[in-house]
Each structure stands twice: as C-alpha cells, then as structure tokens.
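Presented below is the structure to which this report refers.
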Amino acid sequence: MTVRAVLGIRRWRRNPVCRATDRHEAWLALVALVLMVVAAPAVGWRAGSLTDDALRRTVRAQHEQRHPTEAVVVRASGTSRFAQDPEAAVTEGSMRTSVVADWLAPDGTARTGTVSTASTQTAPGARIEIWTDDRGRPAMRPMDLSTTRTHAALAGIGAALVASGLTEIARRIVVWRMMQRRYARLDRAWAEVGPDWGRTGTGS
C-alpha cells in the first residue's frame with residue numbers, strides 16, 4: 001500500500017481529478033517509506049551498539065568478580081534436572097547434575113556445598129570445574145563475547161522492527177483521520193445539495 005501510494009505521486013501531480021487529500025496521502029506514504037528505509041535501521045544500529053556496550057561492561061564485571069576453580073565431588077545430591085544458564089542461553093543448554101563438592105575460595109578457605117555441573121564424571125572423587133564469586137560462593141559462568149554479540153544483534157533487529165512498525169501504524173492513523181475528514185466534507189456537501197436533488201430549475 002505504501003509503495004503503491006508513493007508511485008502515484010508523479011501520476012497524480014498533473015491529474016485533473018486528483019484531490020488534495022490524494023497528494024497528501026502519497027507524500028505521507030513517501031515520508032513513511034523513507035523513515036522505514038533510513039531511520040529505522042539507524043535506530044536499530046544505535047540500539048544494538050548501546051546494548052553491546054552495556055553487555056561488554058557486564059562481561060568485564062563478571063570476569064572480575066567470578067573465578068574458575070576446581071572442585072572435588074563428595075557425593076551426588078540426588079537432584080538431576082534439565083537446566084539452562086540464563087546468561088548463556090544462546091550458547092549453552094544441557095543436562096546438569098547437582099552434586100555436593102569441596103573447593104577452595106579465592107582466599108584459600110575450604111568450602112563445601114551443592115553445585116551444578118554439566119560434567120558426566122560425577123562419581124565421588126571426580127574433579128569438576130565450577131565458578132565462584134569473590135567470597136567463594138558458587139556462581140554462574142560469566143557471559144562470553146559471542147553471547148554478547150548475539151544479544152546486541154537481536155536487540156538492534158528488534159528495535160529496527162519496532163521503529164518500522166510504529167512508523168506504519170502512525171501512517172495508517174493519519175490516513176484514517178484524513179479519510180474521516182474527507183467523508184465529513186462529503187456529508188456536508190450532500191446535506192447542502194441533497195434536498196434539491198432532481199428538482200426542476202435547480203440545475204440538477
């Protein structure tokens with residue numbers, strides 16, 4: 001609809017039966033098309049860039065605050081579940097097993113607790129890798145840069161689509177208002193002419 005209206009601008013410019021509202025509608029469609037082609041991608045790029053910067057800061061903070069360490073399995077905790085790390089949803093998703101394990105905190109303090117691991121080696125004495133925070137408490141694996149780029153790209157695409165959709169919605173609302181005013185003018189014109197329609201000597 002938008003492209004068809006845009007293509008009609010040149011044809012309607014010298015058309016004697018073209019109404020002013022037709023030209024206004026065509027120009028409105030042209031402006032909407034330009035916004036969709038130029039402004040919406042710019043909005044998407046900006047949103048993706050801001051998201052990427054924010055996520056990169058988050059990744060740096062996570063890598064500063066979280067530390068990989070080796071834990072020794074003590075026993076199975078009796079809980080096995082299908083879990084997925086929400087911070088690495090794009091790259092990871094696997095069957096994880098909860099086990100009771102021993103490990104050392106960054107300050108050298110011995111810790112024991114229940115941790116989740118994707119390792120298939122969970123027999124007592126097996127060594128598994130876990131992540132802890134600065135206090136030695138179990139933590140989720142830090143987000144990686146590939147996940148950051150994926151989330152930023154999705155945010156940019158989403159922002160561009162939303163901008164395009166809002167532009168088209170705004171165009172349709174304005175066109176609807178223009179049509180309502182057109183119909184109102186026709187109703188008024190008919191109200192003025194209608195009572196004399198077909199009468200002799202009225203010029204009908």
Side-chain angles (χ1 to χ4, degrees), residues 2-3 28-71 73 77 79-122 127-174:
T2 301
V3 176
L28 177 63
L30 178 60
V31 171
L33 181 62
V34 171
L35 291 176
M36 290 180 185
V37 173
V38 178
V43 170
W45 178 85
R46 183 58 177 170
S49 178
L50 292 175
T51 302
D52 184 66
D53 291 342
L55 290 177
R56 284 179 180 273
R57 289 194 296 270
T58 300
V59 169
R60 287 195 295 269
Q62 289 181 352
H63 279 276
E64 290 174 357
Q65 298 167 0
R66 302 178 189 182
H67 313 278
T69 187
E70 190 176 69
V73 177
S77 70
T79 303
S80 180
R81 65 186 186 279
F82 185 84
Q84 194 172 28
D85 184 348
E87 295 180 347
V90 177
T91 59
E92 287 189 312
S94 59
M95 177 69 72
R96 303 183 69 87
T97 303
S98 294
V99 297
V100 177
D102 295 330
W103 68 90
L104 294 178
D107 61 2
T109 304
R111 297 293 182 89
T112 300
T114 301
V115 296
S116 179
T117 178
S119 175
T120 58
Q121 304 298 324
T122 57
R127 296 182 178 275
I128 58 176
E129 183 183 73
I130 65 171
W131 287 82
T132 66
D133 59 16
D134 292 333
R135 297 184 179 181
R137 296 173 298 191
M140 293 181 180
R141 184 185 185 90
M143 195 166 23
D144 55 32
L145 290 178
S146 62
T147 303
T148 298
R149 289 191 293 269
T150 300
H151 285 313
L154 291 176
I157 293 172
L161 292 176
V162 169
S164 296
L166 292 176
T167 300
E168 177 61 14
I169 291 173
R171 185 193 71 83
R172 288 176 179 269
I173 291 175
V174 174

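Just so it is clear, the model here is predicted, and its values are computed rather than measured.
By the 4.0 Å N-to-carboxylate-O rule, Arg60 lies too far from Glu64 to be salt-bridged with it.
The main-chain N or O of Ala160 is found under 3.5 Å from a side-chain atom of Ser164 such that the two form a donor-acceptor pair.
For the residue pair Asp52 and Ser49, no side-chain donor N or O sits within less than 3.5 Å of a side-chain acceptor on the partner.
With Val115 as the fixed residue, the side-chain contact (heavy atoms from CB on, under 4.5 Å) test singles out one of Thr97, Thr132, Val73, Ile128: Ile128.
Judged as a side chain to side chain donor-acceptor pair (under 3.5 Å), and not counting sequence neighbours, Arg46 has no contacts. In this structure, the salt bridge (Lys or Arg N to Asp or Glu O under 4.0 Å) partners of Arg127, at least two apart in sequence or on a different chain, are Glu70. Contacts of His67 classified as side chain to side chain donor-acceptor pair (under 3.5 Å), with partners at least two apart in sequence or in another chain: Asp134. Partners of Gln65 under the side chain to side chain donor-acceptor pair (under 3.5 Å) rule, at least two apart in sequence or in another chain, do not exist in this structure. With sequence neighbours excluded, no residue forms a side chain to side chain donor-acceptor pair (under 3.5 Å) with Arg149.
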For residues 100-107, tabulate all N or O donor-acceptor pairs below 3.5 Å that involve a side-chain atom, not counting sequence neighbours.
{"unit_1": "Asp102", "atom_1": "OD1", "unit_2": "Thr112", "atom_2": "OG1", "d": "2.5"}
{"unit_1": "Trp103", "atom_1": "NE1", "unit_2": "Gly136", "atom_2": "O", "d": "2.9"}
{"unit_1": "Asp107", "atom_1": "OD1", "unit_2": "Thr109", "atom_2": "N", "d": "3.0"}
{"unit_1": "Asp107", "atom_1": "OD1", "unit_2": "Thr109", "atom_2": "OG1", "d": "2.9"}
{"unit_1": "Asp107", "atom_1": "OD2", "unit_2": "Thr109", "atom_2": "OG1", "d": "3.3"}

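A 4.5 Å side-chain heavy-atom check between Ile130 and Thr69 finds at least one atom pair inside the cut-off. Val37 is listed as a side-chain neighbour of Leu33, based on a closest heavy-atom distance under 4.5 Å.
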